[in-house]
Amino acid sequence: MKITEIVCQILRIKNVEAKTASSQDSVLVRVRTDTGLEGIGEADSSPEMVKAVIDAPFSHNIATGLRHLLIGENPLDTERLWWKMYRKTMYCGRRSVPITAMAAIDMALWDLKGKHFGEPIHRLLGGKHHDRILAYASILFGKDGKETTAIAQRWRAAGYRAIKFGWEPMGQNEALDIDLVRGAREGLGADGTVLIDAGCVWDARTALQRAHSFADFKIGWLEEPLHPDDYDGYRWLRDRSPVPIASGEEECGRQSFRPLIDGRCLDVYQVDLSRNGFTDATYIRQRVEEIGARLCNHCYTSPVTVAACLHWLSTCRDAFIFEDCVEDSPLRHELTTEKVQAVDGWITVPDGPGLGVTLNEDFVKSTLISESR
């Protein structure tokens, strides 16, 4: 079996808002073979940047486009092809967009491998420990505590016992920060799990002050209080914080995660399959489990990435919660024919071959703005 075609499709919904939500556009990668099989993958990054990495022609031996490297290769050689892509793009950046483009292709290769063998990806990764996982509704804050309370009540009524609020407007001032968290707790109730995503807004000392204030509301974790590159700050904060510290969603590949893992900087390591792929996410899982920390997925795009994250997280022994984006976006809910969302607060791991999801081609056509092959 050989790769004959790599199709890169950029999808975008009609109403894109100025907010921190990557469920508004997507870059799909479709790997096709001479046997008629196709694997699908997705990257959570700027779609046009990812497309450029895949489409770029040969420049020299360590700076070339990914399509050029993979046509004619056996798609089942996932580990070897990962390292081929990594080696041949060394001059293009080893922590950012090239890795997300590799992740999308890697996801598609694993989907194709599962379809070839008639097995779900979680079985190819060694087997799942969980058939279903407790899900948290992942959504943005309201403009203040009152609006955040109403949002929490909505998703509690929908069956979620855990909710994460994130990003803007947190970070403007202490009073608003506390009001937002108080609103989240009041809306969810005393018995629910409140998770707070600060969106990289503070220095370490301010973050520690907020951690102590938020501890009064019994939050489950404080996510991304610092800039992603502040490894020393994260280590300092984690050692002093009264609440668990979570981060990792921006990280692309094992080398990006290495300083966080080696420094034992976090309590919860959040891995996004659309920025890491199955090959590197499996390595990261093993490293994090070795140091006794916890793992969670990050996912704020489409059902393709949701399915990928479910396959991977189900293979993590101590998986305890799953990020379930509840943005009211057609991309989140209509890209696949299968609905991959929590029911009564629990999300089920797909068992079909590969990713176990099928693209809704009518929706793809209706949102397609660019394609290359």
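It should be emphasised that the depicted structure is a prediction, and the values quoted were computed from it without experimental measurement. In this chain, numbering begins with 1 at the start of the sequence shown.
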Ion pair present between [X] and [Y], side-chain N to carboxylate O less than 4.0 angstrom?
{"X": "E38", "Y": "R32", "answer": "yes"}
{"X": "R210", "Y": "D177", "answer": "yes"}
{"X": "K115", "Y": "D111", "answer": "yes"}
{"X": "D351", "Y": "R123", "answer": "no"}
{"X": "R254", "Y": "D280", "answer": "yes"}
{"X": "E250", "Y": "R275", "answer": "no"}
{"X": "E48", "Y": "R12", "answer": "yes"}
{"X": "D191", "Y": "K218", "answer": "no"}
{"X": "R30", "Y": "E361", "answer": "yes"}
{"X": "E251", "Y": "R95", "answer": "no"}
{"X": "E289", "Y": "R287", "answer": "no"}

Worksheet item: Out of curiosity, T279 OG1 to L273 CG, how far, rounded to the nearest 0.5 Å?
Response: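 Between atom OG1 of T279 and atom CG of L273 there are 10.0 Å.
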Worksheet item: CG/D232 to CG/L237 distance, rounded to the nearest 0.5 angstrom?
Response: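 The CG atom of L237 is 12.5 Å from CG of D232, to the nearest 0.5 Å.
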Without hydrogens or angle criteria, can the side chains of [X] and [Y] be said to hold a donor-acceptor pair below 3.5 Å?
{"X": "S302", "Y": "E42", "result": "yes"}
{"X": "Q255", "Y": "R258", "result": "yes"}
{"X": "K2", "Y": "T33", "result": "no"}
{"X": "T315", "Y": "R285", "result": "yes"}

Could you check whether atom [atom1] of [X] has more than 12 heavy atoms from other residues, nucleotides or ligands sitting under 6.0 Å from it?
{"X": "F320", "atom1": "CZ", "answer": "yes"}
{"X": "R87", "atom1": "CZ", "answer": "no"}
{"X": "D262", "atom1": "CG", "answer": "yes"}
{"X": "R205", "atom1": "CZ", "answer": "no"}
{"X": "N173", "atom1": "CG", "answer": "yes"}
{"X": "D239", "atom1": "CG", "answer": "yes"}

Worksheet entry | side chain to side chain donor-acceptor pair (under 3.5 Å) evaluation trace for T4 with D34 | CA-CA 6 Å; T4 57; D34 57 358; over 6 Å; no
So, the side chain of [X] versus the backbone of [Y]: is there a donor-acceptor pair under 3.5 Å, distance only?
{"X": "S329", "Y": "S23", "result": "yes"}
{"X": "E223", "Y": "C200", "result": "no"}
{"X": "W312", "Y": "A281", "result": "yes"}
{"X": "Y269", "Y": "L260", "result": "yes"}

Worksheet entry | Row check, F217 ring normal vs R182 NZ/CZ: under 6.0 Å, within 45° |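 The answer is no; the distance or angle limit is not met.
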Discussion item. Set out, in order, the CA-CA distance, both residues' side-chain angles and the distance that settles salt bridge (charged side-chain N to carboxylate O under 4.0 Å, His left out) for E73 and K84, then state yes or no.
Written reply: CA-CA 11 Å; E73 288 281 8; K84 181 179 183 180; 2.7 Å; yes
Is the ring pair [X]/[Y] parallel, tilted or perpendicular, if the boundaries are 30 and 60 degrees?
{"X": "W155", "Y": "Y160", "answer": "perpendicular"}
{"X": "H311", "Y": "H122", "answer": "parallel"}
{"X": "Y300", "Y": "H298", "answer": "parallel"}

Discussion item. For the aromatic rings, using the six-membered ring if either is Trp, is the centroid distance between W82 and Y283 under 6.0 Å?
Written reply: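 Not close enough - the centres of the two rings lie 6.0 Å or further apart.
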